[in-house]
Every structure is written in structure tokens, then in C-alpha cells.
Amino acid sequence: MLDIALIREKPDWVKERLARLNDAEAVARIDTIVALDKQRRALLTEAEALQAARNKLNKNVGALRGSKKLDEAGKAVQAAAAVQAIDAGDYDAAARYMTGETVASGTGAADSLDTLMAALRALGERVETLNDEVKGVEAQLDEAMFWLPNMPHDSVPVFPSDEHNKPWPAEGQMPEFDFQPRPHWELGPALGIIDFERGVKLAGSRGYVLKGWGARLQRALISFFLDMAREKGFEELYVPYFVKEDMMFGAGQFPKFRDVVYFDADADVYMLPTAEVAITNLHRDEILDEAQLPLYYVAHTPCFRREKMSAGRDVRGIKRLHQFEKVEMYKFTTPETSYAELEALVEAASDICRALKIPFRRLEIVTGDLGFSASKKYDVEMYAPGCNEWLEVSSCSNTEDFQARRSNIKYRGGESKRPQFVHTLNGSGLATPRVIIAILENYQQADGSVRIPDVLRPYLGGAEVISARG
RNA sequence: GGAGAGGUCGCAUAGUGGACUAGUGCGCUCGCCUGGAACGCGAGUAGGGUGUCACAGCCCUCGAGGGUUCGAAUCCCUCCCUCUCCGCCA
């Protein structure tokens, strides 16, 4: 969510930023938002003035009805005058007649008090009508605001699409083979550690089963990832794998990416497409102390994605799946430190690649490929020689206060008066089974066996090689 | 899943139709007192919206949403959550 006040004050500046995303729809939305905001405030002024009048008159009517100074005839006279004032729109005068502060002249009919009640009822109904109008406009405004993507940081290269994402120089030793390296979709089944046929039998397209060393390798990786993060100060979390709808809005998945998630209509909950959704909302509706920041969290969860948009793409192997495992690192920070924290986050992901001794590179994401929530984003890609691809194993983003606004997460600074929004960052550290692809393809040997990276051996009982013999 | 009790300010509690402009205690902050502290005394102590140069002011929020009423923390309905007991269960 962007700041409505910023849009109100500098619509053209915001448009220019959004234009960098190559998202014409987002830019066009600004005019709609400005108009709705204006309409909302005009209605609100009117509604609140009337509401204030109603509150005051309702309070005074009790005083009039219960007045000991006035007899019935006297009350009728005051009531009649009050009704006249209300009809004329002079609510202050009406209030004074009702308290007896202004003594009315003339006569009052016997039913003047009833007439006054009716006038108050009518006033109440007008307030309700106006409030409904305000709510209607607010709903439209919220809808428009929720569809608006985040603005790119000034440092993000301005290009229209992912073809222009800027790779940094690769790090690590590129593997050299004296044989033709095989892709993982051959190695896995040959080793008996990936079973595609039975996976599809169980779950349909993109289903897979990891067996034996495949399953153990994944479990080892997850433990290793969590340990790496913990050593860097991330607190480990175990979170729900499904969340309520508001959480999906809070993290920026909804409304735009509604069709990528699995939904339990009966319980009205959504399966996580990433742990980021759960962790973002961990501190929803909270005001944190500045002294608590930065907060570092890490969680391992499965991730469920329908991959509707990419039906037919990457159907081979275990690169793009409906279900995969990911260790997610997450930070809540102050605005001052979030960009330094982003660099540290990418380094944390890179350190895992270094420890596994797999060649990797950082990809600087351009404006046209930033996604919905990020202000700035880096991907980390591992090289896979078998399929000759760079595999995205991590994506690290600073969303600035975009998610914090949606989830209402603030902090109170030392001296500062008003709570302000935190910045949130997320980065995979890392995702599997993609890392399994990289291990199989980088560590394969001529006989089809695969060496186990040194750092994982302690997690696998000291084993050094995975071979078809088991 | 069944039966019952409950959800009010950071925490604890009061509040059964208008005086609630939500009281009190604790906690916290500031001041006075003190050589310094404790005690005591005094003041302050939510969030959001609107508005303003900034204040002020006004509006909303007592789990959520509806309803009754001139007026709802308070009465009615629906839902959510928590607790106790029972049943089932890794």
C-alpha cells in the first residue's frame, strides 16, 4: 500500500515512479485514486459535521424531556422552536432551545415534543445515509489502493522487462567435466531418488516424490539452511501453513495474485505460497519499540502455488512445482537501515551458496520485473550444468513500508511522537528442491553417482556419495 | 463435536439505556519533595480519520458485523476468539 497523503500531494511524482514499472494500469489508477480521495473527504466533512450536530442534540433532548424547570407547555414551546431551528439547519440554535439556554417565544402544540423526536430521527437517518455514502467511496478507494503496486527505489535500473535484469559476475568454481553432464531429470530417476511417475499418479501434473537419499538430502538442506540463518541471528519460527484472507492482503499477495494460491473454501483459509505471508503478519496491528528493531526471523515451510500463469512451462524436472520447501529469512527494520539490511540479506543467501560450493550469481532486478511488493529486489541464481540454466534459488526484497502499511505494523521511535511504519524485507535462504537440482548437476560423476557437499555430510551421517546402489 | 462462562485503555478491574467526556488500581513518563533514593504528592499516559503552518476542534474505535432506539460498552441477532468440563484424537 502506498501513502494516500503522498499520492494526494504529489500525484505526478508518484505517477513517474510507477511509470518505471512498465505498468500503464498502475499509473492510470492514480487519477482514479485522487478523485476518490477528494470525494471521500468532501463527503466526510459533511457527514462528520452532521454527526456532531446529531450527537449534541441527542444529548440535549434528554435534558429537555426531563427538565424540572419547565412544565409541559413550556417544554412544548422550546421543542417547537428547536424543530424550527433544525428545519432551518441551525443546529446550535436548536441545541440552545433544548437546554433552555435560549428561551423561546410563541406557542407550542401539544405534540411538539413528538415532532422534535421525529426530527431527530430524520437527522439520524440522514447521518446514516451519508455514512453509507462515505463507506461506499472508501470501499472503492481501498480497492484501488490495494491494486496499486509498490514504487521502485531510485537505484533500481529502469528497464521494461526481465530480459534486462542485470547479472553480477558469477562467483565460485564453474564445474568442469570430462563427460557430458546430465540433467537432474535423468540423474534423479537413475539414482532412484526422484520418482516423477508416482508423483503424478498421486497428485497430477507437476507431482513428484523424493525417495531415499533424495528425501534425506532435502531434509539435510533444510536443517543446514536453518542453522546458517540462526548463526546470523535469525530467530527460528514454526508458523501455520495456512492463513486467513487478511494476511494475504497484508503481504501483498491479494488481490492481484488470488489465482496462484490454494484455498480451503470450507475453512476460509489459504495455503501459504511462501512463509513470507505468515511472517509479515506476525506483528500485524502491533506497535514495536524502536529498541526491538531490527527483528530477524527465519522459518521453514512448504510453499503451495498453483502455477496457473506458467502452465506448460518448465514442466520437466523439479524446477517449477505446485509444492516445494523453502527456508525464508525475514527482517523488520527501521526505514534508515533497510537498504543496508537488504545487502546483508543477499549476502546471507550468497553465503549459503558459497558454503555449498556451487557457482552462483546475483541478479539485479529491473523495474519492469520487480513484482508487486518490492521496492528493490535481487535474485540469487545457482548454475546447473546439466540443464545449462541459472536457477533462481533466492529472491531478496526490500518492500520498504509497503507491506507494513497493509498489515499495520509500526514502531515508536525514542523521542518521536507518532508511531511510524517499519520496513520489511524478505529473502529465501534457500529454496529446495531447486538446490537439489544444482547439487545433482554440479556434483555428478561419470558413473552417475553424486558427491555430497562437505557442509551437508554432518547432516547425513557422514555419507560422501549418493550412488544407484544406495 | 456437546454444555457452560467470558472478550472494556499496556495489565487488572468497574460499568444493565442519557452524569461514560469510559471510572479505579497497577505499570510507565514528567514534575515537586530528597545529599541521593524509596515513600508521599501532583500532572500526564491509546490508535485512526479529518482539519491546521502548527495548535485547537470535530468524527470513529469497549472482539467483528447487523438490529432496536432520539440516544447503545449496556438490550436483541449472527459470527469470531479465549477459558472450564465432556467426547474424540497425533
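The analysis underlying the following values was restricted to heavy atoms, covering all of them including side chains, and did not include hydrogens, waters or symmetry mates. Throughout, protein chains are lettered first and strands after them, A, B, ... in sequence-line order, and every chain is numbered starting at 1.
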Choosing from [options], which nucleotide comes nearest the side chain of [X]?
| X | options | answer |
| --- | --- | --- |
| A:L120 | B:G51, B:G48, B:C70 | B:C70 |
| A:I287 | B:C60, B:G47, B:U50 | B:G47 |
| A:P419 | B:C60, B:G18, B:G47 | B:G47 |
| A:L44 | B:G51, B:C58, B:G49 | B:G49 |

Hey, is the side chain of [X] poking within less than 4.0 Å of OP1 or OP2 on [N], counting only N and O atoms?
| X | N | value |
| --- | --- | --- |
| A:N58 | B:U69 | no |
| A:K410 | B:G48 | yes |
| A:R40 | B:U50 | yes |
| A:R41 | B:G49 | no |
| A:N55 | B:C59 | yes |
| A:R8 | B:G49 | no |
| A:Q51 | B:C58 | no |

Contact between [X] and [Y] at the side-chain level, heavy atoms closer than 4.5 Å - yes or no?
| X | Y | result |
| --- | --- | --- |
| A:L21 | A:P149 | yes |
| A:R230 | A:V298 | no |
| A:V435 | A:I352 | no |

Tell me the interatomic distance from [X], atom [atom1], to [N], atom [atom2], rounded to whole angstroms.
| X | N | atom1 | atom2 | value |
| --- | --- | --- | --- | --- |
| A:D132 | B:C59 | CG | P | 19 Å |
| A:L288 | B:G47 | CG | C1' | 15 Å |
| A:D285 | B:C9 | CG | P | 15 Å |
| A:E245 | B:C79 | CD | P | 20 Å |
| A:K59 | B:C58 | NZ | C1' | 13 Å |
| A:R126 | B:C70 | CZ | P | 17 Å |
| A:D92 | B:C58 | CG | P | 12 Å |

With rounding to the closest Å, how many angstrom separate the [atom1] atoms on [N] and [M]?
| N | M | atom1 | value |
| --- | --- | --- | --- |
| B:C81 | B:C28 | P | 35 Å |
| B:G23 | B:C76 | C1' | 27 Å |
| B:A12 | B:G17 | C1' | 27 Å |
| B:G67 | B:C62 | P | 15 Å |
| B:U16 | B:C55 | P | 38 Å |
| B:G10 | B:U69 | P | 34 Å |
| B:U34 | B:C41 | C1' | 14 Å |
| B:U61 | B:A72 | C1' | 14 Å |

Determine which nucleotide pairs with [N], using a 3.5 Å limit on both distances of a Watson-Crick or G-U wobble pair.
| N | answer |
| --- | --- |
| B:C53 | none |
| B:G71 | none |
| B:C28 | B:G44 |
| B:C79 | B:G63 |
| B:G36 | none |

Point to revise | A:K56 vs A:R121, nearer the 5' end of RNA chain B by closest nucleotide | key: A:K56

Practice item. Could you check A:D37 against A:K244 and say which one's nearest nucleotide on RNA chain B is further toward the 5' end? Key: A:D37

Check your understanding: Base, sugar-phosphate alone, or nothing: which one does A:K135 contact when heavy atoms must sit under 4.0 Å apart?
Key -> sugar-phosphate

**Study point:** Over all atoms of both residues, closest heavy-atom pair of A:M98 and A:A82
**Key:** CG-CB, 3.8 Å

Review point. With no hydrogens and no angle check, is any side-chain donor or acceptor of A:R17 less than 3.5 Å from a backbone partner on A:P152?
Key: yes

Review point. Can A:Y270 and A:D264 be said to form a side-chain hydrogen bond (donor to acceptor under 3.5 Å, both in side chains), step by step?
Key: CA-CA 6 Å; A:Y270 299 82; A:D264 177 346; over 6 Å; no

Check your understanding: Can a salt bridge be assigned to the pair A:K15 and A:D31 using a cut-off of 4.0 Å between side-chain N and carboxylate O?
Key -> yes

Point to revise | Any side-chain donor near an acceptor of the partner, A:Q420 and A:Y411, under 3.5 Å | key: yes

